[in-house]
Amino acid sequence: MSSISELQPSLLWQFFAKICSIPHPSYHEQAIAEWIMNWAKEKQIEANRDEAGNIILRKPATPGMEDCKGAILQAHMDMVPQANSDNQHDFTRDPIEAYIDGEWVTAKGTTLGSDNGIGLASILAVFDANNITHGPLEALITMTEEAGMEGAFGLKPGLFEGSVLINTDSEQEGDVYMGCAGGIDVYVEFDADPIPAPQGIALNIALKGLKGGHSGCDIHTGRGNASKLLVRLLTEFKQSCLFTLVSLDGGNLRNAIPREAHATIIIAPESEPTLQQFVSEFQATLSEEIGTVEANLEFSLTPVDKPQQAMSAPLTHRVLHALNVCPNGVVSMSQEITGVVETSLNLGIVHTTDEGQVKMQMLVRSLVDSHRMHVVEVLTSLFELADAKLHTNGGYPGWKPDPHSPIMKVTQATYEELYGTKPHAMVIHAGLECALFKTAYPHWDMVSFGPTIRFPHSPDEKVNIKSVEKYWQLLVATLKNIPKA
């Protein structure tokens with residue numbers, strides 16, 4: 001950590017190293033919230049928490065900037081907890097082991113938390129520093145963004161005086177965002193239909209080595225969904241050889257593309273060589289199809305103790321066929337913004353409970369609310385036919401782009417002044433909290449920018465060191481250029 005703390009800008013990296021040392025996955029943000037509140041008290045910075053647990057900071061304008069519009073810096077406290085299967089990291093107790101790898105900072109076998117830890121660190125650095133020029137300044141640090149934007153949903157009107165919000169949760173330096181997709185969580189449940197385990201041997205089929213990634217930022221990259229690929233294998237194998245399905249599991253976050261999946265089946269001993277050959281050939285097929293993107297995908301077969309019960313044949317049929325035809329990935333591209341995904345679906349979690357229920361969680365995103373709901377209607381039709389229960393939760397609207405946004409123009413002009421080139425005005429397919437802020441604060445003028453982060457929501461996550469310095473320079477200069485009220 002000491003080497004990371006010595007990077008530039010040093011104050012930002014020192015705060016990021018501290019953030020990495022405090023466990024803060026979604027729903028476990030209390031430790032980092034207490035540390036921020038204690039730090040603010042020590043620095044004599046006004047700080048309080050609202051009913052949703054969000055932290056609000058305030059800092060007076062520097063001399064001569066008192067009549068500028070009030071600015072609000074915004075980040076979220078939580079991080080996505082993802083680790084490689086051979087890493088026993090406990091995200092609720094263990095610090096993130098961050099290190100420098102060439103031009104990047106990454107972590108040892110886990111997500112890094114640069115999403116949104118760099119943004120959070122930059123806000124704390126701005127409030128800690130005494131050499132940054134700014135008008136009246138506030139900060140909004142939200143709870144549990146990664147697992148449902150709960151802090152943003154709980155934000156009440158009347159808490160802020162500022163009118164300009166800078167969101168720090170974007171992940172490509174040189175892009176400035178003025179809009180984002182909305183989303184909704186979809187839950188599916190197949191009732192248990194257990195039978196006594198038949199004669200045969202039990203085998204675990206596992207798929208590992210996929211890249212995974214952010215279900216918004218990476219959904220268009222052609223990366224494999226481990227659950228979908230494993231279901232495809234089982235569905236095709238079932239056409240030529242009988243087996244009994246015991247369990248099916250893949251992924252653990254609705255907003256992360258599943259990197260691993262596994263299933264336990266019971267099969268006749270004499271059919272094991274057939275299965276081994278089929279798995280080997282299927283892996284070769286996938287390598288031909290997606291090997292340029294997923295170079296490390298690998299199936300394995302492992303004998304396991306035979307359980308006492310398994311799924312009935314009708315339940316196996318309904319689960320496998322429903323998942324095999326379930327939409328996943330990019331549904332449509334935007335007709336208005338070239339190269340931007342309009343609507344997508346991520347089959348994030350498949351889980352078989354101890355009682356034999358099969359549960360799934362998906363995240364549907366879209367820039368167009370009606371298209372988002374149409375995908376939900378498609379899923380409803382599909383899973384009704386499969387005799388499964390479906391419900392939705394946590395729907396949130398998109399952030400509609402405003403091409404006339406004053407803070408967007410200020411940010412673009414500031415970037416061009418600093419670097420001699422115009423930034424890209426973008427709409428991101430991932431969900432940003434900005435859309436929800438408009439509910440409580442419809443007058444807020446908002447923009448989002450950040451450093452270059454690769455592979456967020458996966459253990460390959462890394463942040464580019466040089467881009468952090470450029471992001472910091474842009475943030476500081478933009479605060480200085482906030483116009484008068």
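- In this structure a side-chain-to-backbone donor-acceptor pair under 3.5 Å is missing from His89 to Asn87.
- Remark: Lys400 NZ is loosely packed, at most 12 non-hydrogen atoms of other residues, nucleotides or ligands lying under 6.0 Å away.
- Between His321 and His317, the ring planes are tilted. Angles from 30° to 60° get that label.
- Here Lys389 contributes atom NZ and Asp191 contributes atom CG; the two are 4.0 Å apart, rounded to the nearest 0.5 Å.
- Ring geometry for Tyr396 versus Phe153: interplanar angle over 60°, hence perpendicular rather than tilted (30 to 60°).
- Here the side chain of Ser405 pairs no donor or acceptor atom with the backbone of Asp402 at under 3.5 angstrom.
- The shortest side-chain heavy-atom distance between Glu189 and Phe383 does not fall under the 4.5 Å cut-off.
- Judged purely by atom type and a 3.5 angstrom limit, Lys211 uses its side chain to pair as donor or acceptor with the backbone of Val293.
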(message) Could you go through His457 and Leu253, starting from their C-alpha distance and side-chain angles, then the distance that decides it, and tell me whether this counts as side chain to side chain contact (heavy atoms under 4.5 Å, CB included)?
(response) CA-CA 9 Å; His457 297 193; Leu253 289 170; 5.8 Å; no
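- For the pair Glu355 (side chain) and Ala192 (backbone), a donor-acceptor distance under 3.5 Å is absent.
- With a 4.5 Å cut-off on side-chain heavy atoms, Thr316 and Thr244 do not count as touching.
- Taken to the nearest 0.5 Å, the OH atom of Tyr177 stands 10.5 Å off from the CE atom of Met408.
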(request) Would you check, one step at a time, whether the test side chain to side chain contact (heavy atoms under 4.5 Å, CB included) holds for Ile267 with Phe237? (result) CA-CA 12 Å; Ile267 195 169; Phe237 183 68; 3.9 Å; yes
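- A salt bridge does not link Lys156 with Asp50: every distance from a Lys NZ or Arg NE/NH1/NH2 to an Asp or Glu carboxylate oxygen is 4.0 Å or more.
- In this structure, Phe437 and Trp444 have perpendicular ring planes: the angle between them is above 60°, well past the 30° mark.
- Between the CG atom in Leu203 and the OG1 atom in Thr302 there is a gap of 8.5 Å [rounded to 0.5 Å].
- Asn464 places none of its side-chain heavy atoms less than 4.5 Å from the side chain of Pro451.
- With Arg454 contributing its side chain and Lys462 its backbone, the two residues share no donor-acceptor pair below 3.5 Å.
- Taken from CD in Glu171 to CG in Asn116, the straight-line distance is 8.0 Å, to the nearest 0.5 Å.
- In this structure, the side chain of Lys228 engages the main chain of Cys326 through a donor-acceptor pair within 3.5 Å.
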(request) Evaluate the criterion side chain to side chain donor-acceptor pair (under 3.5 Å) for residue pair His262 and Asp249; output intermediate values, then yes/no. (result) CA-CA 5 Å; His262 59 92; Asp249 295 271; 4.6 Å; no
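- The closest donor-acceptor contact from the side chain of Glu150 to the backbone of Met143 lies at 3.5 Å or more, if one exists at all.
- Within 6.0 Å of the CD atom in Glu103, the count of heavy atoms belonging to other residues, nucleotides or ligands does not exceed 12.
- Counting heavy-atom neighbours within 6.0 Å of Asp305 CG, excluding the residue itself, gives a total of 12 or less.
- One finds the CG atom of Asn167 at 7.0 Å from the CD atom of Glu433 (value rounded to the nearest 0.5 Å).
- Residue Asn324 comes nearest to Arg232 through the heavy atom pair OD1-CA, 3.8 Å, listed as atom of the first residue, atom of the second, then distance.
- With respect to Arg49 and Glu29, no salt bridge is recorded, no charged nitrogen being found less than 4.0 Å from a carboxylate O.
- Judged by distance alone, with hydrogens and angles left aside, the side-chain atoms of Ser280 form no donor-acceptor pair with the main-chain N or O of Gln276 at under 3.5 Å.
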(message) Does His371 form a side chain to side chain donor-acceptor pair (under 3.5 Å) with Ser332? I'd like the steps, not just the answer.
(response) CA-CA 9 Å; His371 289 185; Ser332 61; 4.8 Å; no
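- A donor-acceptor pair under 3.5 Å is absent between the side-chain atoms of Ser26 and the main chain of Asp78, judged by distance alone.
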(request) Please step through side chain to side chain contact (heavy atoms under 4.5 Å, CB included) for the pair Met446 and Leu432, ending with a clear verdict. (result) CA-CA 11 Å; Met446 301 186 294; Leu432 296 175; over 6 Å; no
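- In this structure, Ile100 places its CD1 atom where more than 12 heavy-atom neighbours from other residues, nucleotides or ligands lie under 6.0 Å away.
- A donor-acceptor contact closer than 3.5 angstrom is absent between the side chains of Gln335 and Glu342.
- Here the straight-line distance linking atom CD1 of Ile96 with atom CZ of Phe91 works out to 5.0 Å at 0.5 Å rounding.
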(request) Take Thr110 and Glu97 through the side chain to side chain donor-acceptor pair (under 3.5 Å) test and state the conclusion after the steps. (result) CA-CA 8 Å; Thr110 71; Glu97 297 184 61; over 6 Å; no
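- Side chain of Arg259 to backbone of Ser458: no donor-acceptor contact under 3.5 angstrom is found.
- Closest non-hydrogen pair, Ser227 versus Gly251, comes out as OG-N, 4.3 Å.
- Under the 30°/60° scheme for interplanar angles, the aromatic rings of Trp35 and Phe15 are found to stand perpendicular.
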(request) Might you work through the side chain to side chain contact (heavy atoms under 4.5 Å, CB included) test for Ile118 and Thr168, ending with a clear yes or no? (result) CA-CA 8 Å; Ile118 293 292; Thr168 65; over 6 Å; no
(request) Decide side chain to side chain donor-acceptor pair (under 3.5 Å) for Gln82 and Asn252; before the verdict, give the C-alpha distance in whole Å, the side-chain angles of both, and the deciding distance to 0.1 Å. (result) CA-CA 8 Å; Gln82 288 276 283; Asn252 54 21; 2.2 Å; yes
